[in-house]
Amino acid sequence: MASSSGTSSGSGSGSGSGSMLQNSGSEEDLRALMDQRKRKRMISNRESARRSRMRKQKHLDDLMAQAAHLRKENHQIITNVNITTQHFLTIESENSVLRAQVDELTHRLESLNEIIAFLSTTTANNNNTTSYGGALDTTSISSSFITEPPMIDNFMNPLNLSYLNQPIMASADMFQY
């Protein structure tokens with residue numbers, strides 16, 4: 001019995017142990033295959049994460065460069081606006097000076113025209129009338145009156161109007177706000 005049970009046990013054990021070995025071999029192969037896949041997946045995930053970090057870093061670097069470029073451009077625009085504003089203020093003050101000069105010269109011209117008109121009417125009146133208001137008789141006027149120029153008040157003499165020949169004193173500094 002022992003031998004038959006031993007043989008049957010041995011044969012039963014031998015065939016059972018062979019399938020066990022076969023099962024554990026296929027389980028080990030499966031486990032090794034799964035571990036290999038897991039390692040490949042981990043390596044692939046690490047590479048993917050590294051590429052993602054590199055893309056993010058590149059994007060961040062691009063944004064930083066763009067921000068620096070925009071800051072520089074903004075500074076240039078502000079500088080140009082300040083320069084243009086300064087030019088505008090300078091030209092505006094020069095324009096104000098020129099307007100003041102035009103007003104002064106217009107006033108002088110009007111004054112000179114009034115003086116010329118006054119002198120013209122005074123001279124015309126002296127040439128056309130005598131002391132009693134009648135028509136001018138050239139035979140009754142003495143020769144000294146004809147040779148001497150008529151006496152005109154020095155205040156009204158255009159050659160003595162030095163106050164009208166003064167330069168206009170205006171500068172751009174007068175009109176700063």
Side-chain angles (χ1 to χ4, degrees), residues 1-118 155-156 158-177:
M1 268 192 322
S3 79
S4 72
S5 69
T7 29
S8 70
S9 276
S11 66
S13 278
S15 68
S17 151
S19 82
M20 240 344 191
L21 283 175
Q22 207 173 19
N23 280 345
S24 84
S26 71
E27 278 183 28
E28 283 179 21
D29 290 342
L30 185 61
R31 190 168 300 193
L33 184 63
M34 287 177 65
D35 286 344
Q36 185 180 5
R37 285 182 182 168
K38 189 176 182 182
R39 271 185 301 223
K40 281 183 182 179
R41 198 168 43 248
M42 280 177 37
I43 291 170
S44 174
N45 285 346
R46 285 179 185 159
E47 279 296 313
S48 177
R50 186 182 65 79
R51 285 192 306 268
S52 176
R53 284 191 303 273
M54 288 176 62
R55 276 193 311 269
K56 284 181 182 179
Q57 185 64 42
K58 183 181 181 315
H59 185 64
L60 180 64
D61 292 344
D62 290 345
L63 288 176
M64 295 293 279
Q66 185 180 11
H69 175 73
L70 290 174
R71 269 196 237 66
K72 181 180 176 184
E73 190 176 322
N74 193 23
H75 179 69
Q76 288 174 343
I77 290 171
I78 288 171
T79 302
N80 287 342
V81 166
N82 290 337
I83 289 170
T84 303
T85 302
Q86 188 61 39
H87 284 287
F88 170 76
L89 292 174
T90 302
I91 289 172
E92 186 178 37
S93 83
E94 289 173 2
N95 198 8
S96 296
V97 168
L98 290 174
R99 280 193 193 114
Q101 289 175 346
V102 164
D103 289 342
E104 178 63 25
L105 290 173
T106 301
H107 179 69
R108 283 186 183 185
L109 181 62
E110 288 172 357
S111 296
L112 289 172
N113 284 336
E114 289 174 6
I115 291 169
I116 290 171
F118 176 77
F155 178 74
M156 297 305 290
L159 299 176
N160 290 333
L161 295 177
S162 62
Y163 65 92
L164 290 178
N165 294 327
Q166 297 298 319
I168 297 174
M169 302 303 287
S171 69
D173 297 334
M174 291 174 41
F175 299 102
Q176 293 295 324
Y177 306 137

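Numbers for residues simply follow the sequence, beginning at 1.
With sequence neighbours excluded, the residues that form a side-chain contact (heavy atoms from CB on, under 4.5 Å) with Arg39 are Asp35, Gln36. Ser48 is linked by a side-chain contact (heavy atoms from CB on, under 4.5 Å) to Arg51, counting only residues two or more places apart in sequence or in another chain. Listed by chain and number, the residues in a salt bridge (charged side-chain N to carboxylate O under 4.0 Å, His left out) with Arg50 are Glu47 (sequence neighbours excluded).
Residue pairs meeting the salt bridge (charged side-chain N to carboxylate O under 4.0 Å, His left out) criterion with at least one member in residues 60-85, sequence neighbours excluded: Lys58-Asp62. Listed by first then second residue, pairs satisfying side chain to side chain donor-acceptor pair (under 3.5 Å) with a partner in residues 76-88 number zero, not counting sequence neighbours.
Here Arg31 contributes atom CZ and Ser26 contributes atom OG; the two are 11.0 Å apart, rounded to the nearest 0.5 Å. Lys40 NZ to Asn45 CG: the interatomic distance, rounded to the nearest 0.5 Å, is 14.0 Å. Rounding to the nearest 0.5 Å gives a distance of 11.0 Å between CG of Leu98 and CD1 of Ile91. Once rounded to the nearest 0.5 Å, the distance linking CD of Glu92 with OG1 of Thr90 reads 10.0 Å.
Between Asn74 and Ile78 the shortest side-chain heavy-atom distance falls below 4.5 Å.
When the options Glu104, Arg108, Glu110 are evaluated for a side chain to side chain contact (heavy atoms under 4.5 Å, CB included) with Thr106, the one that passes is Glu110.
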Would you please test Gln57 and Arg53 for side-chain contact (heavy atoms from CB on, under 4.5 Å) and show each step? CA-CA 6 Å; Gln57 185 64 42; Arg53 284 191 303 273; over 6 Å; no
